[in-house]
Novice: 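This is the structure I want to talk about, given as structure tokens.
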2 protein chains.
Amino acid sequence: MSSTVAKALSLLDYFSDSEPEIGLSELARRSGVDKATVHRMLSVMCDHGLLEKRGDARLYRLGAGVLRLARVRETAFPVSAVFQQSLDALSAQIGETAHASLVSGRALATIGVSEASRGSRVSLVAGEILPFHSTASGLAVLAFSRPEVVDRVLAEPLTARTSRTPTDPDVIRARLQEVRLTGYAEADQTNEDDVYGIAMPVFDTDGTPAGAVAVAVPAHRMTNDLRRQIIAALFAESGKLTVGIGGHPSAEFRAAASRFGSA
Amino acid sequence: MSSTVAKALSLLDYFSDSEPEIGLSELARRSGVDKATVHRMLSVMCDHGLLEKRGDARLYRLGAGVLRLARVRETAFPVSAVFQQSLDALSAQIGETAHASLVSGRALATIGVSEASRGSRVSLVAGEILPFHSTASGLAVLAFSRPEVVDRVLAEPLTARTSRTPTDPDVIRARLQEVRLTGYAEADQTNEDDVYGIAMPVFDTDGTPAGAVAVAVPAHRMTNDLRRQIIAALFAESGKLTVGIGGHPSAEFRAAASRFGSA
DNA sequence: AACCATCGTTGATAATAATGAACCGATGGG
DNA sequence: CCCATCGGTTCATTATTATCAACGATGGTT
């Protein structure tokens with residue numbers, strides 16, 4: 001839990017699209033680690049190309065090493081490209097912002113976004129780490145994950161992102177049960193105010209969720225009709241994606257999908 | 001030098017296009033670190049999404065986290081996309097394989113390749129970590145780097161990749177001086193047998209090399225005419241790339257370029 | 001211009017976390 | 001059927017790393 005490399009790697013989580021460059025003191029403050037320690041860890045990560053200091057400023061940013069790593073992963077197991085294509089289709093069809101995330105350790109990593117072209121839309125801070133318990137994507141993934149994964153996630157302290165965020169493990173377990181029956185997860189302003197998200201899992205080769213695709217809508221604009229449209233579109237795209245990455249859905253999800261199809 | 005996080009991160013260097021999945025014992029053997037230690041480090045990196053074990057097999061591969069990191073870096077500082085475009089143009093024009101790499105800590109990380117369409121061509125094991133002293137790209141970068149960077153690189157032990165690899169720091173310094181005068185670096189089978197590489201630096205905002213573009217040709221096919229073609233094309237593309245990433249070339253490189261132009 | 005806050009960096013001490021050999025059960029090839 | 005090798009685990013020893021304070025530099029403010 002408190003290994004040195006874990007602390008070092010967790011520093012990477014603070015970099016996102018909204019904050020691609022961060023200073024030493026800022027990182028120390030956020031992570032709660034001593035400044036000197038952070039400094040040494042950042043230096044090591046710079047040496048390995050995971051980070052780099054911008055020449056002039058004294059800010060750190062993600063280095064060229066991550067580009068190489070991503071390239072290696074994408075050429076061996078192309079998923080990012082496959083997802084982006086589906087996201088573009090989704091946002092075009094629905095007219096709202098679509099995004100995708102993959103299971104990345106004990107959280108979700110946003111790996112693609114396709115924003116709607118209309119003026120008022122949900123503008124995601126992309127590239128962020130998403131919590132499991134407060135996002136539609138997280139619930140969608142968790143609902144079809146193995147019980148021990150659920151236990152591990154719910155054992156950790158659950159922070160309330162908004163006033164509506166469920167933080168009681170039992171409440172969340174109940175919601176997961178719903179998700180298992182319907183096949184999709186909804187998050188009505190539980191991760192961010194005014195954002196209503198609907199998500200569906202995408203499955204890996206072993207039948208466990210590899211990630212999720214989701215559509216995010218300004219909460220006030222959500223209607224029953226729009227919900228139905230989104231869910232139908234997600235079933236289509238999630239299916240394509242699961243096939244696209246060589247996976248196959250769990251029996252539970254297939255059952256939920258057929259229930260929806262016959263409704 | 002022997003910090004824990006450094007050892008952990010160096011494990012990532014063994015993943016490449018030719019070997020996107022590696023087992024525990026294999027990594028322990030290569031890195032020379034104890035199996036137990038490697039196991040703990042891998043576990044931590046899995047928890048953070050940098051790596052993941054493939055569900056069925058017992059192999060480790062790069063995780064979804066690297067995709068997120070690369071995405072964040074690319075949206076903030078798009079270089080990978082810019083490079084790929086130039087690489088495609090180069091390989092189309094010359095008819096040989098072109099590749100690009102960026103300074104990544106104490107080495108070069110290959111971030112893009114565009115293979116020629118012809119049958120006999122250099123097929124790079126892409127996504128690899130390139131040494132500075134044995135590759136044309138490395139020499140091109142080093143030649144225009146600050147003296148202390150050169151000293152640091154040449155202070156480390158230089159491994160002979162082929163029978164022609166220069167391992168004497170003084171010999172390499174002499175070659176760097178040539179590169180500074182001509183603006184390009186050549187590597188005649190010093191990194192890989194039968195591969196002749198020509199590379200040119202691409203500069204960052206602060207006038208230091210951010211990386212290099214290179215063309216690799218089967219050694220037996222290299223002629224003076226082809227050399228001249230490649231060098232001319234590289235001057236054009238390297239210039240575009242330097243501008244494309246918002247950088248500006250060092251005075252020394254500009255001088256070399258103008259000498260070539262007037263020749 | 002002088003000040004104050006904050007930045008990145010360094011160094012000595014104390015305590016933590018890494019180490020590596022031995023061991024286990026499972027797997028697969030000879 | 002046996003042996004080699006795999007991934008994974010345990011535990012006592014020790015070397016590593018976190019800590020905390022102080023320092024010089026930087027930059028914005030009064």
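Numbers restart at 1 for each chain; the letters A, B, ... are given by sequence-line order, proteins then strands.
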Novice: When all nucleic acid strands are considered with a 4.0 Å heavy-atom cut-off, which category describes A:T4: base, sugar-phosphate, or nothing?
Specialist: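 Answer is sugar-phosphate: A:T4 comes under 4.0 Å of backbone atoms only.
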Novice: Taking OP1 and OP2 of C:dT9, is either one under 4.0 Å from a side-chain nitrogen or oxygen of A:K53?
Specialist: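 Looking at the OP1 and OP2 atoms of C:dT9, one of them is under 4.0 Å from a side-chain N or O of A:K53.
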Novice: Does a side-chain N or O from A:H39 land closer than 4.0 Å to OP1 or OP2 of C:dT9, or not?
Specialist: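 Answer is yes, contact under 4.0 Å.
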Novice: Does C:dA18 have its OP1 or OP2 closer than 4.0 Å to a side-chain nitrogen or oxygen of B:R40?
Specialist: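 Checking C:dA18 against B:R40, a side-chain N or O does come within under 4.0 Å of OP1 or OP2.
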Novice: Got a donor-acceptor contact below 3.5 angstrom from the A:S250 side chain to the A:G207 backbone?
Specialist: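 No, because the side chain of A:S250 does not come within donor-acceptor range (under 3.5 Å) of the backbone of A:G207.
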Novice: Report the nucleotide, chosen from D:dA18, D:dC6, D:dG7, that has the shortest atom-to-atom distance to any side-chain atom of A:T37.
Specialist: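 Given the options D:dA18, D:dC6, D:dG7, the side chain of A:T37 is closest to D:dA18.
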Novice: Among pairs that include at least one residue of residues 239-248 of chain B, which meet side chain to side chain donor-acceptor pair (under 3.5 Å), considering only residues two or more places apart or in two chains?
Specialist: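 Listed once each, the pairs are B:E237-B:K240.
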Novice: Quick one: do A:E26 and A:R30 make a salt bridge, cutoff under 4.0 Å?
Specialist: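 The answer is yes: the pair qualifies as a salt bridge.
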Novice: Taking only residues two or more places apart in sequence or in another chain, which ones pass ring pair (Phe, Tyr, Trp, His ring centres under 6.0 Å) with B:F144?
Specialist: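 For B:F144 the ring pair (Phe, Tyr, Trp, His ring centres under 6.0 Å) partners, ignoring immediate neighbours, are B:F203, B:F253.
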Novice: Pick the closest DNA chain C nucleotide for A:R29 and for B:V33 by heavy atoms, then say which residue is nearer the 5' end.
Specialist: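 The residue closer to the strand's 5' end, by nearest nucleotide, is A:R29.
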Novice: Tell me the interatomic distance from B:M41, atom CE, to C:dA17, atom P, rounded to whole angstroms.
Specialist: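 From B:M41 CE to C:dA17 P: 16 Å.
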Novice: With nearest nucleotide decided by heavy atoms, which residue, B:V38 or A:E26, maps closer to the 5′ end of DNA chain C?
Specialist: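 The residue closer to the strand's 5' end, by nearest nucleotide, is A:E26.
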Novice: Can you say whether a donor on the side chain of B:K35 sits under 3.5 Å from an acceptor on the base of C:dG20, or the other way round?
Specialist: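 Per atom types, no contact qualifies.
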Novice: Between C:dA18, D:dA18, D:dG7, spot the one nearest the side chain of B:L24, thanks.
Specialist: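 Nearest nucleotide to the side chain: D:dG7.
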Novice: B:K7 has an atom NZ; how far is it from atom C1' of C:dA18, in whole Å?
Specialist: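 My rounded result for the distance is 7 Å.
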Novice: Rounded to whole Å, how long is the line connecting atom CG of B:L42 with atom P of D:dG8?
Specialist: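 The answer, rounded to whole Å, is 9 Å.
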Novice: Would you say D:dG8 has OP1 or OP2 under 4.0 Å from some side-chain N or O of B:Y60?
Specialist: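 Checking B:Y60 against D:dG8: at least one side-chain N or O falls below 4.0 Å of OP1 or OP2.
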Novice: Counting only N and O atoms by type, is there a donor-acceptor contact under 3.5 Å from the side chain of B:E74 to the main-chain atoms of B:S80?
Specialist: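 Looks like yes, one N/O pair under 3.5 Å.
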Novice: Quickly work out the A:R54 CZ to C:dG8 C1' distance and round it to whole Å.
Specialist: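 Nearest whole value for this atom pair: 16 Å.
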Novice: I want to check one thing: is the phosphate of C:dC7, taken as OP1 and OP2, less than 4.0 Å away from some side-chain N or O of A:S25?
Specialist: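 For C:dC7, OP1 or OP2 has a side-chain N or O of A:S25 closer than 4.0 Å.
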Novice: Can you tell which of D:dG8, D:dT19, C:dT10 lies closest to the side chain of A:D34?
Specialist: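 Shortest atom-to-atom distance from the side chain points to D:dT19.
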Novice: More 5' along DNA chain D: B:A36 or A:G32, using each one's nearest nucleotide?
Specialist: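 First, find each residue's nearest nucleotide; the 5'-ward one identifies B:A36.
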